[in-house]
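Input: a single structure, listed below in structure tokens.
Residue numbers start from 1 in every chain, and the chains themselves are labelled A, B, ... in the order their sequence lines are given, proteins ahead of strands.
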Amino acid sequence: MVITVASGKGGTGKTTVSTSLTFAVSSIKSVSHVDLDVEEPDSNIFLKVPIQREEMIWLPLPTVDYSKCTFCGVCQRVCEYNAIFVFKNNKEVKVFGELCRGCGACTAMCPYGAISEIQRFIGVFSYGKRGNISFYEGRLNIGEYVATDAIRWVKKRLSEINTSDITIIDAPPGTSCPVIHSMKDADYIILVTEDTPFGFFDMKLAYKVAKKMDKKMGIIINKALSGYDEIRNFAKEEDIPILMEIPFDRKFAKSYADGITLSAYSDELKNKFLDVFSYIEKEVHNA
Amino acid sequence: MLELAVVSGKGGTGKTTFTASLAALVKNKVLVDADVDAPDLHILLKATKEQEVPFYGMKKARIVQEKCISCGICKQVCRFSAIDVIDGRYVVDQVACEGCKLCFRKCPRKAIVMEDSLSGHWYVSNTPYGKMAHGILEVGEENSGKLVTIIRKQGMFLAQKEKADYVIIDGPPGIGCPVNSTITGLKYAIVITEPTQSGLSDLERLLDLMEHFNVLPFVVINKYDLSPSKSEEIKEYASKRGAKVKGLIPFDETVVKALSEGRPVVQYAPNSQVSLKIKEIWASIEAEISPS
Ligand code: SF4
Ligand code: SF4
């Protein structure tokens with residue numbers, strides 16, 4: 001079973017929820033936690049799993065064999081990302097690695113077979129285990145744009161090594177491509193939102209994505225306040241359960257700042273997260 | 001005229017709260033929301049749309065079924081796993097398609113067409129605080145950098161028309177491509193950070209980025225009292241990097257209340273500690289950058 005924790009925007013408590021859930025579940029059985037928020041992975045600040053292995057995440061990068069290249073310019077013409085330029089006068093073909101998506105178009109289309117591919121490292125995939133928690137994380141190198149490609153890489157690698165029955169994914173924030181890739185395999189999606197008109201707006205965006213993909217989902221309201229009902233009304237109208245409300249409390253903000261996840265901080269909250277988990281388990285298995 | 005961006009790395013540090021307060025404080029400005037994935041500023045500032053323009057990103061592939069002979073070459077060459085076989089028919093997964101055109105070029109029957117796909121919209125709006133340019137990407141789209149560039153241009157254009165002194169940009173969260181598009185060519189940017197480990201590591205990344213683009217950073221530490229020791233660490237780090245720390249804002253529940261009321265905190269509670277602090281910070285920044 002795969003549970004993806006998503007939010008329309010960062011900073012709503014997505015990581016708090018995903019790590020709290022993982023921590024709570026780990027008290028009763030083994031669980032995999034995958035941080036796919038490759039631009040800002042921070043689950044492990046809370047889970048504190050020692051990293052045992054690191055692998056390079058890479059994309060194919062074209063390189064030119066000048067003994068075959070005629071500087072015909074085809075590669076430049078077929079590249080949709082302006083990543084390869086042919087300087088005829090200087091007899092040089094320049095590849096801009098950070099723009100290249102590794103699509104292979106130039107390699108496939110070069111009429112003289114002058115292009116082959118090497119590996120360009122775009123990030124680090126790391127994993128480790130502590131107690132019942134197997135932890136996996138993809139981290140994009142600074143200055144890289146290719147989050148989607150990194151996520152694709154990590155998912156492929158996970159399909160080879162992650163054997164756990166229960167996987168909890170911390171998705172990237174937002175609603176763009178990378179998020180969709182992180183939701184694709186989910187059996188259940190938890191939408192985390194703050195209890196404000198902002199949070200509500202962002203959550204609706206994430207909700208649209210999940211709904212478009214026909215996923216089962218529930219809402220967790222973070223920093224719940226009284227007096228603002230729109231999220232609860234929306235949930236009722238759309239028939240999505242509110243799985244939990246985490247009260248707005250300075251203590252929690254402090255525990256976050258100290259890198260302590262809620263279920264480690266309070267037994268009461270841990271039990272609430274366990275309830276959420278068994279609810280989701282039932283929902284998924286009834287499908 | 002001066003463009004000034006507010007950025008933060010990870011979301012949730014209070015960037016939009018701060019920008020909204022600037023919207024209310026700074027005189028003679030136009031506003032730009034460069035967060036096109038989950039734009040918020042227009043809600044908080046109660047913007048009313050005046051102009052709406054569609055945005056087309058990368059063209060995407062579509063297979064013309066009548067011409068397709070199911071040879072499977074497109075699926076073989078696609079590195080984005082964007083070609084699915086559904087009921088024996090080859091179809092393009094529009095979300096996965098990255099528009100590289102390789103299938104289009106390789107199809108022996110020329111059965112693939114590349115088509116414009118609507119990737120989002122941008123808007124010009126009125127707010128009680130002045131004109132604003134903003135936009136939103138369609139669900140599941142990339143290319144936010146390109147849309148951000150368009151919106152920034154629109155902001156500059158509005159500023160010229162309105163004879164504004166400032167263009168205040170609410171930056172996108174994160175440290176990826178849209179942030180680059182937000183800060184290239186700027187002279188100054190304000191970095192909002194919070195006293196956490198991830199706040200610090202984001203600050204590191206952002207300062208690297210600003211150095212790279214030659215942008216002068218002003219650092220503001222929000223909710224500093226949640227961890228005075230971490231705040232101290234951030235202050236030290238910033239000054240080691242030659243970035244000016246312009247102020248520390250305390251954690252205050254008023255901010256969340258103002259948010260849920262949908263108002264900038266400096267207006268909702270003008271005499272609260274937070275508001276006074278924000279005003280002080282802006283005064284200090286303005287003294288340093290004032291365009292004249
Ligand atoms: S397409 Fe091949 S031969 Fe032509 S310029 Fe590019 S690398 Fe050289
Ligand atoms: S692999 Fe694709 S993106 Fe990279 S240079 Fe070649 S055509 Fe351009």
Side-chain angles (χ1 to χ4, degrees), chain A residues 7-13 15 39-40 42 45 60 78-81 101-105 108-109 140 142-145 147-149 152 172-181 184 194-202 205-206 208-209 212 223 225 227-228 248 250 253-254 256-259, chain B residues 8-16 35 37-40 43-44 58-59 77-81 95-96 98-102 105-106 136-137 139-142 144-145 173-177 180 194-199 201-202 205 208-209 212 223 226-227 230 251 253 256-257 259-262:
Chain A
S7 69
K9 189 170 235 166
T12 56
T15 303
E39 284 187 57
E40 321 253 347
D42 56 4
I45 294 176
V78 300
C79 179
E80 289 299 313
Y81 310 101
R101 299 291 306 270
C103 72
M109 299 308 288
L140 198 61
I142 296 170
E144 289 287 353
Y145 309 142
T148 308
D149 300 298
R152 196 183 290 114
T175 53
S176 60
C177 237
V179 183
I180 297 204
H181 284 274
K184 222 169 175 172
E194 279 184 10
D195 209 2
T196 64
F198 271 12
F200 179 46
F201 178 80
D202 297 336
L205 295 175
K208 266 207 245 168
V209 181
K212 213 170 155 184
K223 301 190 196 158
L225 289 166
Y228 177 69
F248 182 70
R250 194 191 171 93
K254 177 109 179 37
Y256 177 82
D258 295 339
Chain B
S8 74
K10 208 170 101 70
T13 57
K15 173 177 60 61
T16 301
D35 181 355
D37 282 305
D40 277 342
I43 310 173
L44 188 52
M58 278 255 154
K59 284 189 164 48
V77 299
C78 179
R79 293 201 175 158
F80 302 106
S81 315
V95 172
E98 301 278 359
C100 79
K101 275 195 181 177
L102 187 52
R105 297 184 205 281
K106 285 288 186 184
I136 187 162
L137 278 180
V139 154
E141 286 296 331
E142 262 167 323
S144 45
I175 32 116
C177 164
N180 293 6
E194 56 174 17
T196 61
Q197 194 49 44
S198 59
S201 47
D202 279 1
R205 287 175 166 215
D208 286 346
L209 206 64
H212 181 83
K223 311 178 212 167
L226 285 182
S227 171
K230 204 75 205 172
F251 179 83
E253 286 154 34
V256 190
K257 290 200 187 107
L259 275 180
S260 54
E261 295 269 319

Select one option (side chain, backbone, both, neither) describing which atoms of F248(A) are under 4.5 Å from chain B's heavy atoms.
side chain
Looking only at heavy atoms, the pair that brings M58(B) and E80(A) closest together is CE-O, 3.2 Å
Heavy-atom distances under 4.5 Å only: say whether P172(A) touches chain B with side chain, backbone, both or neither.
neither
Chain B heavy atoms under 4.5 Å from V179(A): which part of the residue, side chain, backbone, both or neither?
neither
Where C100(B) and A105(A) come nearest, the two heavy atoms and their spacing:
O-CB, 4.4 Å
What residue in K223(A), R152(A), K208(A) has the most heavy-atom pairs under 4.5 Å with chain B?
R152(A)
In terms of heavy-atom pairs under 4.5 Å with chain A, which of A96(B), G99(B), S201(B) leads?
G99(B)
Contacting region of L205(A) [heavy-atom separation from chain B under 4.5 Å]
both
Best-contacting candidate, D37(B), T16(B), L226(B), against chain A by heavy atom pairs under 4.5 angstrom
L226(B)
Closest contact, heavy atoms only, P60(A) versus R79(B)
CG-NH1, 3.5 Å
How close do Y256(A) and E194(B) get, heavy atom to heavy atom, and via which atoms?
CE2-OE2, 3.9 Å
Taking all non-hydrogen atoms of both residues, which atom of A38(B) and which atom of D202(A) are closest, and how far apart?
CB-OD1, 3.5 Å
Heavy-atom proximity to chain A below 4.5 Å, by part of K59(B)
neither
So, the side chain of R105(B) versus the backbone of M109(A): is there a donor-acceptor pair under 3.5 Å, distance only?
no
Heavy atoms only: give me the nearest Q197(B)-I45(A) pair and the separation to one decimal.
CB-CD1, 4.1 Å
Heavy-atom pairs under 4.5 Å with chain B: which of R250(A), K254(A), K184(A) has the most?
R250(A)
What residue, out of D40(B), L102(B), T196(B), has the most heavy-atom pairs lying under 4.5 Å from chain A?
D40(B)
